[in-house]
Asker: 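Below is the structure I would like to discuss, written out as structure tokens.
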There are 2 protein chains.
Amino acid sequence: MKLSTRGRYGLRAMYDLALRYGEGPVPLNSIADRQMVSLHYLEQLMAKLRKAGLVASSRGAQGGYELTKPPEEITVGDVVRVMEGSFDPVQCLAHDFDHEDCEQLEDCVVRFVWKKLQDCTNRVLDSINLRDLCEGTVDLSSGSCGACASDSQRPMGTCQ
Amino acid sequence: MKLSTRGRYGLRAMYDLALRYGEGPVPLNSIADRQMVSLHYLEQLMAKLRKAGLVASSRGAQGGYELTKPPEEITVGDVVRVMEGSFDPVQCLAHDFDHEDCEQLEDCVVRFVWKKLQDCTNRVLDSINLRDLCEGTVDLSSGSCGACASDSQRPMGTCQ
DNA sequence: GGAATCCCAAGTAAACTAATCGGGATTCCC
DNA sequence: GGGAATCCCGATTAGTTTACTTGGGATTCC
């Protein structure tokens, strides 16, 4: 189980926008530079976030992207589910699954393991919003990245 | 984020073996039949579990596979990590990652979101062992599969 | 000796990933 | 009104992964 670059880049872009919330449209090339991601690729990712209603765009010079809601009203789960697709470890946990097909697919006991996993994942992702990220109020107690902690020139809580 | 068939089939095969623990080698074709999985594909999956030391095989007629440990000593996490690879949402959370590369890769704040996700996932998967599955002592309270509950002809806790 | 098993390596079609490429449409500002 | 800055869109692509299938070989029991 891995995250794709879509989820990772997408969340970093949203974090970047959250840091600049209220300052007007943020052009994508500045995000691409800061986050070191290909501009064209990021455009594709932003299209998903726009269609999901999480960001709004304005075209032309001085255009760019901005969050459609305050950072505290957007959870990490909102972003990740848009970028990665909803976390359905197995098909028959998906909302639109026809349970007539049940016996063809999965052992019940085993399926509920996946259900527990899904619940836990959503709970974690929905418990953190973009404002938490900006303010560094996320509890970082579990595990630490030594390489980052010592670099004090960078903006708070960031690596680059 | 999805589980591949490797993780799903692998856990079902291990559950099947756990139900028959102590009864001698279980031939793979019987597992493949019960779990409705291609025999040859299942062979490949079992090879991983064997190399990881979770099952032992005996060849020849009356041969088959069996757990190397009692079901209560094998967690779902043990199985899933073998089958899916360890859940490292991003590279730099992996054990062998060189943190010199840190600034190239990921924003710290965002990374700790992934760290929390990893911790929670491992905690859930490691909290359930194969005996729990066999005895149905897993707490199934969150969510339910209507199609299964009503079918009383099947072995307890199963769908098929 | 033959049936039942596990073991192994190779091949494959389809999907997915992580982009790149090339251009078009809109808007601001001078 | 012209040009720069920006978003928008569709096509293409190389590489990887997934979920198998195919075809056999080795071992063991009876």
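Here is how names work: the chains are called A, B, and so on, in the same order as the sequence lines, proteins then strands, and each is numbered from 1. Reckoned from all heavy atoms, side chains included, excluding hydrogens, waters and symmetry mates.
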Asker: Rounded to the nearest angstrom, tell me the gap between atom CD in B/Glu66 and atom C1' in C/dT5.
Answerer: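 Rounded to whole Å, this separation is 14 Å.
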Asker: Looking only at the side chain of B/Thr5 (C-beta and beyond, no hydrogens), which of the listed nucleotides D/dA19, C/dG23, D/dT21 gets closest?
Answerer: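 Of D/dA19, C/dG23, D/dT21, D/dA19 is nearest to the side chain of B/Thr5.
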Asker: Name the pairing partner of D/dC30, where a pair is Watson-Crick or G-U wobble with both distances under 3.5 Å, or state none.
Answerer: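 Paired with D/dC30, as far as the under-3.5 Å criterion goes, is C/dG1.
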Asker: Without decimals, in angstroms, what is the distance between B/Met83 CE and D/dT18 C1'?
Answerer: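 In whole Å, D/dT18 C1' lies 13 Å from B/Met83 CE.
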Asker: Does D/dT17 have OP1 or OP2 under 4.0 Å away from a side-chain N or O of B/Arg6?
Answerer: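 Looking at the OP1 and OP2 atoms of D/dT17, neither is under 4.0 Å from any side-chain N or O of B/Arg6.
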Asker: A/Gln35 has an atom CD; how far is it from atom C1' of C/dA19, in whole Å?
Answerer: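 Distance check: A/Gln35 CD to C/dA19 C1' gives 18 Å.
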Asker: Which whole-number value in Å describes the distance from B/Leu42 CG to C/dT5 P?
Answerer: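 Roughly 14 Å, once rounded to whole Å.
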Asker: Think A/Ser57 has a side-chain N or O under 4.0 angstrom from the OP1 or OP2 of D/dT6?
Answerer: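 So the side chain of A/Ser57 is outside the cut-off, no N or O lying under 4.0 Å from OP1 or OP2 of D/dT6.
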Asker: With a 4.0 Å cutoff (strictly under), does any side-chain N or O of A/Asn29 reach OP1 or OP2 of D/dT6?
Answerer: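 Affirmative; the distance criterion is met.
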Asker: Which nucleotide sits closest to the side chain of B/Ser4: C/dT27, D/dA19, D/dC20?
Answerer: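 Nearest to the side-chain atoms of B/Ser4, counting from C-beta on, is D/dA19.
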Asker: For B/Arg20, is there an ion pair with B/Asp16 - N to carboxylate O distance below 4.0 angstrom?
Answerer: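 Yes, this pair counts.
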Asker: Both A/Leu39 and B/Gly63 contact DNA chain C. Taking the nearest nucleotide for each, which residue is further toward the 5' end?
Answerer: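 Looking at the nearest nucleotide for each, B/Gly63 comes out on the 5' side.
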Asker: Under a 4.5 Å cut-off applied to non-hydrogen side-chain atoms, are A/Tyr15 and A/Leu11 in contact?
Answerer: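 Not touching, per the 4.5 Å side-chain cut-off.
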Asker: Of the listed nucleotides (C/dA25, D/dC9, C/dC6), which one gets closest to any side-chain atom of B/Arg59?
Answerer: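 Selected nucleotide (nearest to the side chain): C/dC6.
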Asker: Hey, is the side chain of A/Tyr9 poking within less than 4.0 Å of OP1 or OP2 on C/dA19, counting only N and O atoms?
Answerer: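 Answer is yes, contact under 4.0 Å.
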Asker: Provide, to the nearest angstrom, the distance between the NZ atom belonging to A/Lys51 and the P atom belonging to D/dC8.
Answerer: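 Those two atoms, NZ and P, are 10 Å apart.
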Asker: Just compare D/dC7, D/dA19, C/dA10 and give me whichever is closest to any side-chain atom of B/Gln44.
Answerer: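 The listed nucleotide nearest to B/Gln44's side chain is C/dA10.
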Asker: For D/dC8, does either OP1 or OP2 sit under 4.0 Å from a side-chain N or O belonging to A/Tyr65?
Answerer: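 So the side-chain polar atoms of A/Tyr65 do come within 4.0 Å of the phosphate oxygens OP1 or OP2 of D/dC8, strictly under.
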Asker: Taking donor-acceptor contacts at under 3.5 Å, does the side chain of B/Gln62 reach the base of D/dC29?
Answerer: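 When only heavy-atom distances are counted, B/Gln62 does not reach the base of D/dC29 through any donor-acceptor pair under 3.5 Å.
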Asker: Would you indicate which nucleotide in C/dC28, D/dC9, C/dA4 comes nearest to any side-chain atom of A/His40?
Answerer: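 So the nucleotide nearest the side chain must be D/dC9.
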Asker: Distance alone, cut at 3.5 Å: any donor-acceptor contact between the side chains of A/Asp33 and A/Ser30?
Answerer: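 No, no side-chain donor-acceptor pair sits under 3.5 Å.
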Asker: Between A/Thr68 and A/Leu54, is there a donor-acceptor pair closer than 3.5 Å when you use the side chain of the first and the backbone of the second?
Answerer: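 Confirmed, A/Thr68 side chain pairs with A/Leu54 backbone.
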Asker: Given atom CG of B/Leu28 and atom C1' of C/dA4, what is their separation to the nearest angstrom?
Answerer: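 Taking atom C1' of C/dA4 as the reference, CG of B/Leu28 is at 13 Å.
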Asker: So does B/Ser58 get a side-chain nitrogen or oxygen closer than 4.0 Å to the phosphate oxygens (OP1/OP2) of D/dT27?
Answerer: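 No, outside the criterion.
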Asker: Below 3.5 Å, does any donor atom in the side chain of A/Glu43 face an acceptor in the base of D/dC8, or the other way round?
Answerer: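 Answer yes: a donor N or O sits under 3.5 Å from an acceptor.
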Asker: Looking only at atom types and distance, does a side-chain atom of A/Glu84 sit under 3.5 Å from a main-chain N or O of A/Gly7, one as donor and one as acceptor?
Answerer: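 Such a contact is found between A/Glu84 side chain and A/Gly7 backbone.
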Asker: OP1 or OP2 of C/dC8 versus the side-chain N and O atoms of B/Arg50: is any pair under 4.0 Å?
Answerer: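 Checking C/dC8 against B/Arg50, a side-chain N or O does come within under 4.0 Å of OP1 or OP2.
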Asker: Provide, to the nearest angstrom, the distance between the CD1 atom belonging to B/Ile31 and the C1' atom belonging to C/dC6.
Answerer: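 About 12 Å, once rounded to whole Å.
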Asker: Salt bridge check: are B/Arg81 and B/Asp78 linked by an N-O gap of less than 4.0 Å?
Answerer: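 Judged by the 4.0 Å cut-off on N to carboxylate O distance, B/Arg81 and B/Asp78 do form a salt bridge.
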Asker: Taking atom P of D/dT21 as reference, at what distance in whole Å does atom CG of B/Leu45 sit?
Answerer: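 Interatomic distance, CG of B/Leu45 to P of D/dT21: 12 Å.
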